[in-house]
Trainee: 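Please find one structure pasted underneath; my questions will follow.
Only this structure's heavy atoms are used, side chains among them; waters, hydrogens and symmetry mates stay out.
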Amino acid sequence: MTTYNNIVILTGAGISAESGLGTFRDKDGLWTKYDLNDVATPEGFQRDPVMVHQFYNARRKNLLSAKANDGHYALAQLERQSRGTVWVVTQNIDNLHEQAGTTNLIHMHGELLKSRCATCGYIDTKTQDIGTDTACPVCTKTGVIRPHVVWFGEMPLYMDDIAERLTLCDLFISIGTSGSVYPASGFVMEALRAGAHTVELNLEPSDGESLFAEKIYGPATQVVPAYVKKLLSA
């Protein structure tokens, strides 16, 4: 099997589902229970910040009890033991990659355990509930603290860093993502333009499955460790 020098891994909600964190687009996903326009847009936050805070406070509590699974640990092992460079770009706002030990990590959609001040931009670590009365520790204003997450209609974070790594990658792996959300859905095309080998590890075929040279389907806790083992034994 080929030895790769620059590996880029895109992860989505599917890698965290077996840790008890809800996915979004499955038949029982979060967007079947909540209107994304109410809880995941700047406009929804402006209309009803109390409801939005309640939604993310509940998700934060859920996350604080969640544990990284074998899929997360396998990617951390790949980073430690690979002969090349490994970067994980995650669409997830959880901290399970960090729990498992991944350090080369880009949170393109923000982080649930952080808050951001809409006035001064200060980003703070938050494990407690956030509300409209939460004051910014820097500018001291209230009513301006929001979850440090990227909502629909907002630009994902660190796109220049991601683009740079995609232009260099020789192996691109997509794990647990539907392939339906732009710009992440376009990363495989960027990797192909760079000449990378493309791999999909998913519970079922994504919207862009035809763009992948190699496709393996099953639970993330099974297919990810197995593929990492194959890479490390090459």
Side-chain angles (χ1 to χ4, degrees), residues 8-13 15-16 19-22 24 30-31 34-68 72 75-76 79 86-166 181-184 187:
V8 175
I9 302 166
L10 173 67
T11 65
I15 197 170
S16 296
S19 292
L21 299 183
F24 291 87
L30 285 169
W31 296 146
Y34 299 93
D35 188 331
L36 65 87
N37 292 303
D38 291 334
V39 297
T41 63
E43 295 79 12
F45 185 62
Q46 188 173 24
R47 283 194 305 270
D48 194 343
V50 172
M51 181 180 69
V52 174
H53 279 309
Q54 288 173 344
F55 173 77
Y56 288 97
N57 287 342
R59 292 191 63 199
R60 195 175 298 110
K61 286 188 177 76
N62 187 27
L63 173 55
L64 289 170
S65 64
K67 302 296 183 186
H72 300 104
L75 296 185
E79 180 189 308
V86 179
W87 277 90
V88 173
V89 178
T90 187
Q91 297 171 277
N92 299 336
I93 58 175
D94 62 57
N95 68 336
L96 300 187
H97 284 301
E98 292 95 326
Q99 276 191 32
T102 291
T103 58
N104 291 344
L105 179 64
I106 297 174
H107 275 281
M108 65 178 292
H109 288 162
E111 300 174 63
L112 183 58
L113 297 184
K114 291 182 179 179
S115 64
R116 184 168 77 246
C117 177
T119 298
C120 72
Y122 180 72
I123 297 171
D124 196 14
T125 299
K126 282 290 182 186
T127 57
Q128 304 300 318
D129 286 356
I130 302 170
T132 54
D133 58 346
T134 302
C136 174
V138 174
C139 70
T140 71
K141 292 185 179 179
T142 59
V144 294
I145 299 297
R146 55 165 283 178
H148 182 50
V149 299
V150 175
W151 287 325
F152 290 95
E154 296 180 327
M155 178 62 68
L157 307 174
Y158 312 114
M159 290 304 295
D160 288 345
D161 292 337
I162 295 168
E164 181 181 355
R165 284 164 177 80
L166 288 171
V181 179
Y182 186 83
F187 290 173

Trainee: What residue among D94, L63, D124 forms side-chain contact (heavy atoms from CB on, under 4.5 Å) with L113?
Mentor: L63
Trainee: Is there a side-chain contact (heavy atoms from CB on, under 4.5 Å) between H148 and L157? Walk through the geometry before answering.
Mentor: CA-CA 11 Å; H148 182 50; L157 307 174; 4.0 Å; yes
Trainee: Tell me the closest heavy-atom pair linking R47 and N37, and the distance in Å.
Mentor: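 That would be NH2-O, 3.0 Å.
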Trainee: Please name the pair of heavy atoms, one in T132 and one in H53, separated by the smallest distance, quoted to 0.1 Å.
Mentor: N-CD2, 3.9 Å
Trainee: Atom CG in N95, atom OG1 in T102: separation rounded to 0.5 Å?
Mentor: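 It is 11.5 Å, given to the nearest 0.5 Å.
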Trainee: Name the orientation class of the two ring planes belonging to F45 and W151 (parallel below 30°, tilted from 30 to 60°, perpendicular beyond 60°).
Mentor: tilted
Trainee: Going by atom types only, do H72 and S16 share a side-chain donor-acceptor pair under 3.5 Å?
Mentor: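 Yes, a side-chain donor-acceptor pair sits under 3.5 Å.
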Trainee: Checking N57 against R60: is there a side-chain donor and acceptor pair closer than 3.5 Å?
Mentor: yes
Trainee: So, taking the atom named CD1 in I106 and the one named CE in M159, what distance separates them when rounded to the nearest 0.5 Å?
Mentor: 10.0 Å
Trainee: Taking the side chain as every heavy atom from C-beta outward, state whether I93 and R59 have any atom pair closer than 4.5 Å.
Mentor: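 Yes, their side chains come closer than 4.5 Å.
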Trainee: How many angstroms lie between atom CD of E164 and atom CH2 of W87, to the nearest 0.5 angstrom?
Mentor: 9.5 Å
Trainee: Can you name the closest pair of heavy atoms from K126 and S115 and give their distance?
Mentor: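 Nearest heavy atoms, K126 then S115: CG-OG, 3.3 Å.
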Trainee: Considering all heavy atoms of both residues, which atom of N92 and which atom of H107 are nearest to each other, and what is their separation?
Mentor: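 Heavy atoms of N92 and H107 come nearest at O-ND1, 3.0 Å.
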Trainee: Checking T142 against D133 for the side-chain contact (heavy atoms from CB on, under 4.5 Å) test, could you report, in this order, the C-alpha distance in whole Å, the side-chain angles of both residues, the deciding distance, and whether it holds?
Mentor: CA-CA 5 Å; T142 59; D133 58 346; 5.6 Å; no
Trainee: Would you mind reporting whether L166 and V89 have side-chain heavy atoms less than 4.5 Å apart?
Mentor: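 No - every pair of side-chain heavy atoms lies 4.5 Å or more apart.
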Trainee: Could you check I130 against Y56 for side-chain contact (heavy atoms from CB on, under 4.5 Å), going step by step and ending with a plain yes or no?
Mentor: CA-CA 8 Å; I130 302 170; Y56 288 97; over 6 Å; no
Trainee: Would you say that V86 contacts N104 through its side chain, given a criterion of any heavy-atom pair below 4.5 Å between the two side chains?
Mentor: no
Trainee: Rounded to the nearest 0.5 Å, how far apart are CZ of F187 and CE of M108?
Mentor: 4.0 Å
Trainee: First locate atom NZ of K114, then atom CZ of R146, and finally report the distance between them rounded to the nearest 0.5 Å.
Mentor: 14.5 Å
Trainee: Which heavy atom in V52 sits nearest to a heavy atom in D38, and how many Å separate them?
Mentor: CG2-O, 3.3 Å
Trainee: Under the criterion side-chain contact (heavy atoms from CB on, under 4.5 Å), I'd like the reasoning laid out for V50 against Q54: C-alpha separation, chi angles, the key distance, then a yes or no.
Mentor: CA-CA 6 Å; V50 172; Q54 288 173 344; 3.8 Å; yes
Trainee: Donor-acceptor pair, Q99 side chain versus A66 backbone, under 3.5 Å?
Mentor: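 Side chain of Q99 to backbone of A66, a donor-acceptor pair under 3.5 Å: yes, one is there.
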Trainee: To the nearest 0.5 angstrom, please state how far the OG1 atom of T90 sits from the CD atom of E98.
Mentor: 8.5 Å
Trainee: Side chains of Y122 and P137, heavy atoms from C-beta outward: is any pair under 4.5 Å?
Mentor: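 In short, these two side chains touch, coming nearer than 4.5 Å.
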Trainee: Please determine whether the number of non-hydrogen atoms from other residues, nucleotides or ligands lying under 6.0 Å from atom CD of E154 exceeds 12.
Mentor: yes
Trainee: May I ask you to test the H97-I15 pair for a side-chain heavy-atom distance under 4.5 Å?
Mentor: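 Yes, side chains in contact.
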Trainee: Mind listing the closest non-hydrogen atom pair of A76 and A100 along with its distance?
Mentor: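 In this case the closest contact between A76 and A100 is CB-O, 3.3 Å.
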